There are 2 protein chains.
Amino acid sequence: MRFHSPAIQYFHAVRRTGSIRAAARVLNVASSAVSRQILKLEQEVGAPLFERNARGLTLTTVGEMLARHVMNVLQDLDRFRSDVASLSGTWHGTVSIACIESLTESVLPDLIASHRGRARRVSFTTEVKGSSDVLESLSRGEADIGIAMALRHPPDLRQVALKRFRLGAVVAREHPLARRKTVTLEQCLAFPVINALPELSIYHLLQPLIAQLSETPEPAIQANSIDLMRELAARGVGVAFQTQLGIGRLSRDSQLVFLPLDNAGSPVWSDLGIYVRAERTLPAYTESFLQELVRELGERERRENPAYPQTP
Amino acid sequence: MRFHSPAIQYFHAVRRTGSIRAAARVLNVASSAVSRQILKLEQEVGAPLFERNARGLTLTTVGEMLARHVMNVLQDLDRFRSDVASLSGTWHGTVSIACIESLTESVLPDLIASHRGRARRVSFTTEVKGSSDVLESLSRGEADIGIAMALRHPPDLRQVALKRFRLGAVVAREHPLARRKTVTLEQCLAFPVINALPELSIYHLLQPLIAQLSETPEPAIQANSIDLMRELAARGVGVAFQTQLGIGRLSRDSQLVFLPLDNAGSPVWSDLGIYVRAERTLPAYTESFLQELVRELGERERRENPAYPQTP
DNA sequence: CATGTTGCTGCCGTTTCGGCAACGGCTATA
DNA sequence: TATAGCCGTTGCCGAAACGGCAGCAACATG
């Protein structure tokens with residue numbers, strides 16, 4: 001099923017790889033063929049699409065416009081293919097997910113496992129990265145679904161859902177704070193804390209609150225891995241901060257205790273956004289998984305804050 | 001600028017014309033070339049795209065799926081072209097509008113004239129038809145912007161805005177009712193009325209209300225043209241029903257009087273929807289006109305019902 | 001200065017495309 | 001019932017596009 005002119009596909013490969021020869025290797029054709037198609041495209045558009053650096057190619061402004069068009073075409077072709085395939089009964093395809101670390105402990109593995117139990121022919125690609133990298137992956141067409149902290153998102157992305165979770169302190173079962181129902185930031189800072197590095201969005205949630213306090217927190221551990229922070233907390237090294245999403249199993253095993261943060265009487269929210277490219281219709285199997293993801297996160301949000309009104 | 005494989009363009013032409021030879025004439029190529037591209041496409045998809053009837057070709061289910069994809073590709077190509085052109089400064093292109101008759105008296109001509117005053121290189125194509133035909137034109141990709149009565153719209157269309165206007169009686173200046181501020185349907189039915197035929201949506205708005213009344217209305221004139229109904233009312237033939245949108249100039253000249261309908265104390269609303277294809281990003285010049293259209297209709301809605309809360 | 005990589009360009013065989021003419025199937029009309 | 005007019009398809013052939021190979025200059029790296 002190769003309707004579209006080779007120029008489109010070659011351009012797409014060159015954009016992704018950043019080099020003509022690399023694209024040629026991926027495409028299993030001679031580099032000269034790729035080079036000629038790019039030159040032909042540039043002649044038809046009437047403007048250069050790439051800037052030729054010594055180390056490879058970079059998109060020009062016009063090139064980025066064409067890249068957007070080509071992405072729309074190829075992604076919609078995928079959708080068409082899946083539509084035709086669904087006529088024959090079987091769903092098959094790959095769902096590509098980019099998400100932040102908090103989802104990897106239970107939400108994502110649970111969902112993928114359960115989805116694959118029902119649709120065996122749908123496979124998954126997942127990539128864990130920072131929030132802004134998640135959005136960039138989506139924009140570049142390298143992922144279908146993105147889950148990130150709900151910051152401001154570029155206009156080419158659409159926020160499918162926004163779910164909010166309480167930020168809390170995570171401590172070992174034996175920790176002095178462990179018996180409380182909630183904690184304030186001040187109470188936590190009396191103990192050694194495990195701080196997030198600026199690459200994690202937790203840092204940007206807590207930093208303004210810490211800055212408001214009069215006392216300077218005692219020297220603590222800093223880390224850039226939710227996973228590591230959780231395991232450190234489990235070993236009683238200190239107080240970590242994150243949402244309840246990331247400590248599912250350890251919380252079940254009662255090794256860790258989650259204490260919602262209380263900031264002058266009000267909770268501290270961590271907003272999670274689910275994103276897709278705006279100019280795109282998802283294939284049926286991807287849309288199906290997306291719905292389940294939104295439902296699941298909505299359920300966890302509800303379970304966690306029964307009193308709080310639902311976010312859309 | 002012809003990046004896309006000829007098969008795509010040929011398929012599109014065949015779908016629009018419903019015949020291979022007709023498509024070949026439009027495309028200025030031999031019919032054999034068109035036939036071969038279609039056959040090649042069908043071989044690549046693995047299923048027939050058209051049913052060969054003696055009188056031409058009709059899309060199969062798979063064909064309709066491909067038509068959707070091809071439409072997305074070609075419309076997005078248009079957008080890309082306009083994006084590149086806007087880099088060079090000048091906007092140019094064609095905005096294609098499908099709308100119902102109520103807009104033709106003042107809204108549309110005013111807007112188009114004013115828009116062309118500012119963007120001389122943007123031209124317009126307008127087609128007046130019934131509400132359901134408007135939606136169908138949009139779905140088939142024959143129009144960019146559709147204005148129709150806000151019925152239920154197919155899922156491939158997006159309702160950009162919904163504006164509501166009061167339905168009212170339209171009478172000549174000398175008519176006995178002309179001095180009132182509002183009228184009830186019963187008061188109107190005491191006089192000869194000019195009824196809309198079922199093809200006009202006004203029929204479907206008024207019919208339920210008339211059915212509720214005990215008395216049978218006296219024999220009246222029936223028509224399927226807003227224009228004709230208005231002119232008949234201006235000549236004192238009877239009472240016509242429509243929104244204020246359609247009687248702009250005649251109302252200014254004081255030949256016609258618009259009397260909002262009062263149905264048991266509440267107004268009778270006529271909902272106007274503005275639609276575009278959902279799976280599409282509009283070219284900049286089209287988007288610009290669309291915004292003006294929404295703004296203008298919103299302003300008329302506000303002007304007409306200052307008390308009524310705005311519709312989104 | 002040597003080496004490796006980059007994109008680009010003649011040359012040439014292969015594939016694809018399009019035009020012409022003809023064929024069989026069908027409809028409408030005489 | 002015969003005929004004229006469309007319809008889509010096919011065989012043939014020249015033209016255009018495509019892709020592979022080898023070699024070029026430009027640049028970076030060591």
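Chain letters run A, B, ... following the sequence lines, proteins first and then strands; every chain starts at 1. What you are looking at is a predicted structure, and each value in this text was computed from that prediction instead of being measured.
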Atom-pair distance (CD on B:Glu42; C1' on D:dG8), nearest Å: 11 Å
Nearest-angstrom distance from the residue atom CZ of A:Phe11 to P of D:dC18: 17 Å
Distance below 4.0 Å between B:Lys40 side-chain N/O and C:dT16 OP1 or OP2: no
B:His204 side chain vs B:Pro198 backbone, donor-acceptor pair below 3.5 Å: yes
Heavy atoms under 4.0 Å, any strand shown: does A:Ile38 hit a base, just sugar-phosphate, or nothing? nothing
Per nearest nucleotide of DNA chain C, the residue lying toward the 5' end, A:Gly18 or B:Val34, is A:Gly18
N or O in side chain of B:Gln37 less than 4.0 angstrom from C:dG18 OP1/OP2: yes
Got a salt bridge between A:Arg52 and A:Glu42, using NZ or NE/NH1/NH2 to carboxylate O under 4.0 Å? yes
Compare side-chain N and O positions of B:Ser32 against OP1 and OP2 of D:dT9 and report whether any pair is under 4.0 Å apart. no
Spacing of A:Arg21 atom CZ relative to D:dA22 atom P, expressed in whole Å: 13 Å
Output the rounded distance in Å from CG (B:Asn28) to C1' (C:dG19). 13 Å
Whole angstroms only, please: what is the CD1-P distance between A:Ile20 and D:dC24? 20 Å
Tell me the interatomic distance from A:Glu44, atom CD, to D:dA17, atom P, rounded to whole angstroms. 10 Å
Strictly below 4.0 Å: does B:Tyr10 bring a side-chain N or O up to OP1 or OP2 of C:dG18? yes
B:Asn53 CG - C:dC26 P separation (whole Å): 12 Å
A:Arg2 vs A:Ala54, nearer the 5' end of DNA chain D by closest nucleotide: A:Arg2
Spacing of A:Glu51 atom CD relative to C:dC8 atom P, expressed in whole Å: 13 Å
Kindly indicate whether the side chain of B:Ser31 and the base of D:dC7 share any N or O donor-acceptor pair separated by less than 3.5 Å? no
Does a side-chain N or O from A:Arg52 land closer than 4.0 Å to OP1 or OP2 of C:dC8, or not? yes
B:Lys129/B:Glu127 salt bridge by N-O under 4.0 Å criterion: yes
Side-chain donor-acceptor pair under 3.5 Å between B:Asp144 and B:Thr286, yes or no? no
For a quick check under 3.5 Å, do B:Thr94 and B:Thr125 share a side-chain donor-acceptor pair by atom type? no
Nearest-nucleotide check on DNA chain C, A:Ser35 vs A:Arg55; residue mapping nearer the 5' end is A:Arg55
Has the side chain of A:Arg36 got a donor or acceptor atom sitting under 3.5 Å from an opposite partner on the base of C:dG10? yes
Ignoring hydrogens and angles, does a donor from either the side chain of B:Ser19 or the base of D:dC6 sit under 3.5 Å from an acceptor on the other? no
